[in-house]
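Worksheet: the structure to be examined is printed underneath.
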Amino acid sequence: MRFLRLILVVLLLVSCNTSGEKADVDKWKKEIIQTEEDFAQMADEKGIPEAFLFYADEDAVLLRENKLIKGRKEIAENYKERKDKSNVSLSWEPSFVEVSAAGDLGYTYGEYKYTVIDSAGEKKTSTGIFHTVWKRQKDGSWKYVWD
């Protein structure tokens, strides 16, 4: 009988703990989605370079045109070299988010639209799929480590 009570108590504690973890994971997913929305809004309002620098982890890596751009310093250099700053726009929306049980890493993916106005004033839009890996920072914010 004691053994049965012990098993019931353990099961009760485990089930209570699981629901708390589920609530935390749901909260962290909402934080990441909000970060994505804020990131996209900053890219729209202040420009792509500023947004991608602001939301980059110190060791972030961008995959662009089959090339890895490693770290905030290289990311900044990459955007300095680009001449298409004022005639481009980028928008995206995550369609999926997942976060680790520890709440320290997460990832999103979804669709993006990249629009360029060429020298003749013609608008050209390309679409694709993005995948971003997010890392919780010491201050509780989320920064991307892979995009």
Side-chain angles (χ1 to χ4, degrees), residues 8-147:
L8 288 173
V9 169
V10 169
L11 288 175
L12 179 63
L13 291 174
V14 169
S15 68
C16 290
N17 191 24
T18 303
S19 65
E21 289 174 6
K22 171 84 169 114
D24 288 343
V25 168
D26 289 343
K27 177 183 146 236
W28 298 327
K29 285 181 179 182
K30 289 177 184 170
E31 289 175 359
I32 292 172
I33 292 294
Q34 184 62 57
T35 301
E36 282 277 13
E37 291 172 359
D38 295 344
F39 184 15
Q41 183 176 355
M42 178 182 256
D44 184 50
E45 293 175 358
K46 295 187 176 183
I48 296 168
E50 188 169 339
F52 272 82
L53 282 172
F54 181 84
Y55 283 96
D57 179 84
E58 194 63 35
D59 299 316
V61 177
L62 294 177
L63 175 62
R64 298 292 184 267
E65 299 169 5
N66 212 24
K67 177 184 170 191
L68 294 178
I69 304 164
K70 301 176 185 176
R72 286 179 52 88
K73 185 177 179 181
E74 279 190 34
I75 293 169
E77 293 290 324
N78 177 67
Y79 282 114
K80 276 184 191 175
E81 293 172 9
R82 298 182 87 159
K83 296 177 178 26
D84 58 358
K85 294 177 185 172
S86 63
N87 61 341
V88 299
S89 66
L90 176 65
S91 63
W92 68 91
E93 189 172 329
S95 58
F96 183 83
V97 61
E98 189 58 73
V99 67
S100 68
D104 55 351
L105 287 173
Y107 67 93
T108 55
Y109 61 78
E111 297 180 4
Y112 72 84
K113 288 183 183 178
Y114 184 78
T115 304
V116 177
I117 300 173
D118 67 17
S119 58
E122 193 172 322
K123 187 186 279 190
K124 296 182 180 185
T125 300
S126 61
T127 60
I129 305 296
F130 74 89
H131 173 251
T132 306
V133 178
W134 295 94
K135 179 179 175 185
R136 183 181 294 281
Q137 305 298 295
K138 289 179 183 176
D139 67 1
S141 67
W142 292 92
K143 301 284 184 175
Y144 71 86
V145 292
W146 172 265
D147 186 81

### Query
Is any side-chain heavy atom of K143 closer than 4.5 Å to a side-chain heavy atom of K135?
no
#### Entry: Min side-chain heavy-atom separation D104-W28 under 4.5 Å
no
### Task
Over all heavy atoms of both residues, which pair between L68 and E74 is shortest? Give the atoms and the distance, please.
O-OE1, 4.2 Å
### Task
For L53 and A76, work out which heavy atoms get closest and say how close.
CD2-N, 3.7 Å
### Query
Minimum heavy-atom separation for S100 to V25, with atom names?
O-CG2, 4.2 Å
### Task
Considering only NZ, NE, NH1 and NH2 on the basic side and carboxylate oxygens on the acidic side, decide whether E77 and K73 come within less than 4.0 Å.
no
### Message
Nearest 0.5 Å, please: how far is OG1 in T35 from CE in M42?
### Response
12.0 Å
### Task
With rounding to the nearest 0.5 Å, note down the distance linking CG in L90 to NZ in K113.
11.5 Å
### Query
Does the cation-pi check pass for K124 over Y114, that is, NZ or CZ under 6.0 Å from the six-membered ring centre and within 45° of its axis?
no
### Query
Given side chains that start at C-beta, do those of D147 and F52 come closer than 4.5 Å, heavy atoms only?
yes
### Query
Would you call V145 and V61 a side-chain contact if the rule is heavy atoms closer than 4.5 Å?
no
### Task
Would you tell me whether W142 and Q34 have side-chain atoms, one donor and one acceptor, within less than 3.5 Å of each other?
no
## Note on the structure
In terms of heavy-atom contacts, K29 and V97 come closest through CE-O, 3.8 Å
### Query
So which of E93, E111, E36 actually passes side chain to side chain contact (heavy atoms under 4.5 Å, CB included) with F130?
E36
### Message
With heavy-atom distances below 4.5 Å as the criterion, would you say the side chains of Y55 and D38 are in contact?
### Response
yes
### Message
Classify the ring geometry of W92 against F39: parallel below 30°, tilted from 30° to 60°, perpendicular beyond 60°.
### Response
perpendicular
### Query
Between Y112, Y144, Y107, which is the residue that forms a ring-ring contact (aromatic ring centres under 6.0 Å, His included) with H131?
Y107
### Task
Look at atom CG of D139 and say whether more than 12 heavy atoms of other residues, nucleotides or ligands are closer to it than 6.0 Å.
yes
### Task
Search all heavy atoms of T108 against all heavy atoms of P94 and return the closest pair with its distance.
CB-CB, 4.1 Å
### Message
Closer than 3.5 angstrom, by distance alone: can the side chain of E50 be matched with the main-chain N or O of I48 as a donor-acceptor pair?
### Response
no
### Task
Step by step, work out the side chain to side chain contact (heavy atoms under 4.5 Å, CB included) result for K46 and F54.
CA-CA 11 Å; K46 295 187 176 183; F54 181 84; over 6 Å; no
### Message
Treating S95 as the side-chain partner and Y109 as the backbone partner, does any N or O pair qualify as donor plus acceptor under 3.5 Å?
### Response
yes
#### Entry: Presence of salt bridge, K70 and D59, under 4.0 angstrom
no
#### Entry: Approximate separation, where rounding is to 0.5 Å, of T132 OG1 and W146 CH2
10.5 Å
